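Shown next, in structure tokens, is the structure this report addresses.
As the structure is a computational prediction, the values presented were derived from the model and not from experiment. In what follows, chains are A, B, ... by sequence order, proteins preceding strands, each numbered from 1.
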Number of protein chains: 2
Amino acid sequence: METFTIKDIARELNISTSTVSRALRGSYEINPETKRLVMECAERLNYRPNPIALSLKGSGTRAIGVIVPQIANYFFSQAINGIEAIAYNRGYHVIIFQSHESYEREVANVEQAMSRRVDGLLLSLSSETSDVTYLRELHDKGVPIVLFDRVSSELEVTKVVADNFKGAFAATEHLIQSGRRRIAHLTIQPWLSITQERLAGYRAALEKYGLTYDENLVRYGTFGPNEVGPMVDELMALPVAPDAFFTASDRLAVGCLTALRQRNLTIPDDVSLIGFTNLNVAELLSPSLSTVVQPAQEIGQVAAERLIDLIERKHRAQPVGTVRIATELIARDSTRLPEHIMARLATASPEDQKSKPRDFVLSI
Amino acid sequence: METFTIKDIARELNISTSTVSRALRGSYEINPETKRLVMECAERLNYRPNPIALSLKGSGTRAIGVIVPQIANYFFSQAINGIEAIAYNRGYHVIIFQSHESYEREVANVEQAMSRRVDGLLLSLSSETSDVTYLRELHDKGVPIVLFDRVSSELEVTKVVADNFKGAFAATEHLIQSGRRRIAHLTIQPWLSITQERLAGYRAALEKYGLTYDENLVRYGTFGPNEVGPMVDELMALPVAPDAFFTASDRLAVGCLTALRQRNLTIPDDVSLIGFTNLNVAELLSPSLSTVVQPAQEIGQVAAERLIDLIERKHRAQPVGTVRIATELIARDSTRLPEHIMARLATASPEDQKSKPRDFVLSI
DNA sequence: TTGTACGCGTTATCAG
DNA sequence: CTGATAACGCGTACAA
């Protein structure tokens, strides 16, 4: 089980390393007999070329770097699953990095990935990232890059995303069709592409039904543990309060529900709610909460396909477009949460909420 | 933003590469002035040593290979999160592999990881794996290996696991204290360490309360989509039917609930249930299902710490022990699932169950 | 058809 | 204190 090199084979057969090298990679200009001998010997010694030496020679590492904000987030872990599956099939390895939603760390990660000479980069931007010049430089230098989910409009690279516009449109339309007229939208950082696309879908649906867009009904933020409550208070204190909420993530959906319940606002008598979510579990978690489900795994697969195509120059003139993977609206009849869940949400102390991480309902 | 080498610095300063190398790594025998110049130049050129060249020299790759059955499983993604955090802090990279519960693929992954010359291996065995000689050989050759969660008793390496014994003991005890006397145990592959430990905890609790262990009440298996039902039928058809179920995973817990509901068995009047789970979400999913929660992230952290210590020979005579991270029993008053969830579980057609993957409730 | 020599980026060894 | 040289494993011009 030692680790043999091309040199060992050469010595064994009393030939030169170059002959071995050529035989191994099936060069034409080689004696069939020698070739056979080399192959046999390589087999016997269980020879494996040293990928590091290959990398040093500049023949690529057959590894791709994947940078995501968080791994322990169902959306991203599903996406990584898809990525790894494709990469494996095509003979690539996946090196994982987490930016932890930090711009600085994202840059550091990219640098690390490059210094490891990955053949390409697959990344989903941190929510802190607004300046993408460091990526543009890399891209201009010819490094294959594909963005997924959290993409930037300022980068002309291949992007793979959920169809956020259609998803948001469907969600909003569903609320309108169920009789709502003042639909609030709680969403995340405004500079994120996904935020913008969802907002556009929301507006388009309003427009379609002749409802006016009211910017007072839209709130952006990171919404830490106890920030959703005040936001809901503000909204409910408006001259004409909202009668529905469309939230941009699982976390926001739960936060919103908690807040509404704590304020004794019944659902759906007063308000209706839709969450934009990754989790199938949401289906069981809150069977009366309508959700827009994102095709995380497929996004990962498609992104990986594109990146590897790019690396292997399958399509020299590959169009630098944005691939949109369809989302699915799961509409429920009622938007009322079951009592026991509402009770739990309401009684959980702030302490509790801190000590029991809710990352599983974090998304986007 | 080019990529400069030690050679560039040497040329720039009209000195030799060796001097540069030495200056960079702060060798004593070097002119402070030269050193300063080199440092300054390196800084200016944004010099970064090429890790690949370093690897080729045999100084290690500062990368660790992580092999898990599935990434898109909340337990493992949390564990990987912990691993990555520690690795990052200590200057290591994480290369991820999925075995997809296949022995063959696991072996292939290990081989790939080794050929990439990772400095160490962190792995959680596939459920198919029973023969670990390939790992023993590696370990005997001095490759640092740490197993976590899914470990093998036939390997004398450092292991990091949840305290399955205590967890199972607490779960069983809770059921006994709530008046149950015939506690069935649905669990996974018998050769897995976690299975054995949980079974031991289960037996110990029975013993403590003077209940006899009945092997007819214990069922092992992989429990595919529609296999739990028949199993429950068998159990309920016993001369003395069980009055409680203790399941070894989220998936089993859900399957068991579905089966019970479909058979119109009420809970807790007839039976009581505890799931051994990773998911905090289980708390919300089924607020009256008691659960034993596993400290996934901490397991990952500790495992990574140990592995890196091993790699860096921090503790030359590091005891090759098993670290057990505490589990937590979250006991509920009632073991009855809310109606709406029971209804959903019961009405979901087999088609439905297939098309909507339940990986989020897969564990262990 | 096969062998020799060189280079990829770095460090260790040995001379100076 | 500093420089030249070899070596890590491999591929490939160039030479034979």
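Figure legend: A:Arg105 and B:Tyr88 shown as a cation-pi pair, the cationic atom lying under 6.0 angstrom from the six-membered ring centre and within 45 degrees of its axis. A cation-pi contact, defined as under 6.0 Å to the ring centre and within 45° of the axis, is absent between A:Arg150 and A:Phe76.
In this entry the distance linking CD of B:Glu33 with P of D:dT2 reads 10 Å, nearest Å. Atoms CG (A:Asp8) and C1' (D:dG9) sit 10 Å apart, rounded to a whole Å. Taking atom CG of residue B:Leu37 and atom C1' of nucleotide D:dC1, one finds them 14 Å apart after rounding to whole Å. One atom, CG of A:Leu45, and another, P of D:dG9, lie 14 Å apart when rounded to the nearest Å. The CG atom of A:Leu13 sits 10 Å away from the P atom of C:dG3 (whole-angstrom rounding). For the pair B:Lys35 NZ and D:dT2 C1', the computed distance is 14 Å after rounding to whole Å.
When heavy atoms are screened at a 4.0 angstrom cut-off, A:Ser55 is found touching no nucleic acid atom at all. If you check every strand for non-hydrogen atoms under 4.0 Å, B:Ile15 touches sugar and phosphate atoms only.
Residue A:Glu33 places its CD atom among more than 12 non-hydrogen atoms of other residues, nucleotides or ligands, all under 6.0 Å distant. Other residues, nucleotides and ligands contribute only 12 or fewer heavy atoms inside 6.0 Å of the CD atom of B:Glu156.
Between B:Tyr134 and B:Val110 there is a side-chain heavy-atom pair separated by less than 4.5 Å.
Comparing B:Leu56 and B:Asn14 by the nucleotide of DNA chain D that holds the closest heavy atom to each, the one mapping nearer the 5' end is B:Asn14.
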TODO: For nucleotides 10-16 of chain D, just jot down a letter per nucleotide in 5' to 3' order: B, S or -, based on protein non-hydrogen atoms under 4.0 Å.
DONE: BBBBB--
- [ ] Check the pair A:Asp140, A:Glu137 against side-chain contact (heavy atoms from CB on, under 4.5 Å), reporting the backbone distance first and the verdict last.
- [x] CA-CA 5 Å; A:Asp140 289 346; A:Glu137 283 172 9; 5.7 Å; no
